[in-house]
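Some notes on the structure that comes next.
Note that ligands are numbered from 1 as they come in the structure, with each ligand's atoms numbered from 1 the same way. Here, residue 1 is the first one in the sequence, and each next residue gets the next number. Fair warning: this is a prediction, and the values are worked out from it, not measured in the lab.
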Amino acid sequence: MDSIFMKIIRREIPAAIEYEDDDVIAIKDINPIAPIHILIIPKKFIPTVNDIAEADAPLIGKLFLVAKRLAADKGVAEGGYRLVMNVGKDGGQTVFHLHLHLIAGKKLGHETI
Ligand code: 5GP
């Protein structure tokens, strides 16, 4: 299976990369809703939360560890930030490759993404 994020991981299309290791890539969202809006993406293709397997648990945990690290690096850990994972069409998911949104840098209300 393929996705726009797989193309970014393979460097077939450009992205502003904020973090990368063997398992995870984090990129700036192309259409940010806040001064800091980063997508934390597993390199393994998993379409949605519904497709997470038991064996993926460490990988999913790592998404949060990367989010925490980026929040600290960006100086928003203390002030606060939002982590969002949309699931499926009714959940607002538009890219069907699992990703965690890290949103910060302003006082957040009830924006939807
Ligand atoms: P979702 O709606 O699936 O939760 O979030 C998908 C996010 O991916 C959206 O916030 C959208 O702006 C972002 N996005 C879609 N295509 C691209 C792309 O090609 N590059 C980057 N950096 N972000 C993208």
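Near Phe5, meaning under 4.0 Å from any of its heavy atoms, are these atoms of ligand 1: 8 (O). For ligand 1, the atoms sitting less than 4.0 Å from at least one non-hydrogen atom of Ile27 are 21 (C), 22 (N), numbered in the order shown with element in parentheses. Those atoms of ligand 1 that come under 4.0 Å of a heavy atom in Asn31, given as number and element, are 12 (O).
The minimum heavy-atom distance between Ile8 and Pro14, with the atom names listed, is CG1-O, 4.3 Å. Scanning both residues, Phe45 and Ser3, for their nearest heavy atoms gives CE1-CB, 3.8 Å. Of all the heavy atoms in Asp21 and Lys43, the pair that sits closest is O-NZ, 2.8 Å. Between Ile103 and Ala34, the shortest heavy-atom contact is CG2-CB, 3.6 Å. Scanning both residues, Gln93 and Asn86, for their nearest heavy atoms gives OE1-O, 3.4 Å.
At least one donor-acceptor pair under 3.5 Å links the side chain of Arg82 to the backbone N or O of Gly109.
Given atom 23 (N) of ligand 1, the protein heavy atom at minimum distance is Ile30 N, 3.3 Å. Of all protein heavy atoms, the one lying nearest to atom 22 (N) of ligand 1 is Lys28 O, 2.9 Å.
Residue contacts with ligand 1: Gly92 is placed with a nitrogen or oxygen under 3.5 Å of a nitrogen or oxygen of the ligand (distance criterion only). Here's the thing with His37: none of its N/O atoms is less than 3.5 angstrom from an N/O atom of ligand 1. Between Leu39 and ligand 1, no pair of N/O atoms sits closer than 3.5 Å. Between Val95 and ligand 1, at least one pair of N/O atoms sits closer than 3.5 Å.
With values rounded to the nearest 0.5 angstrom, Leu63 atom CG is found 6.0 Å from Leu100 atom CG. Interatomic distance, CD1 of Ile46 versus CD1 of Ile52, reported as 6.0 Å (0.5 Å rounding).
Under 4.0 angstrom from ligand 1, the non-hydrogen atoms of Ile4 all belong to its side chain.
Ranked by closest heavy atom to atom 5 (O) of ligand 1, the top entry among Gln93, His99, Lys7 is His99. Here atom 3 (O) of ligand 1 lies nearest to Thr94 when heavy atoms of Thr94, Thr48, Asp29, Ile103 are compared.
Ring centers of His97 and His99: at least 6.0 Å apart, outside the cut-off.
Judged by the shortest distance from any of its heavy atoms, Ile8 lies inside the 4.0 Å radius around the atoms of ligand 1.
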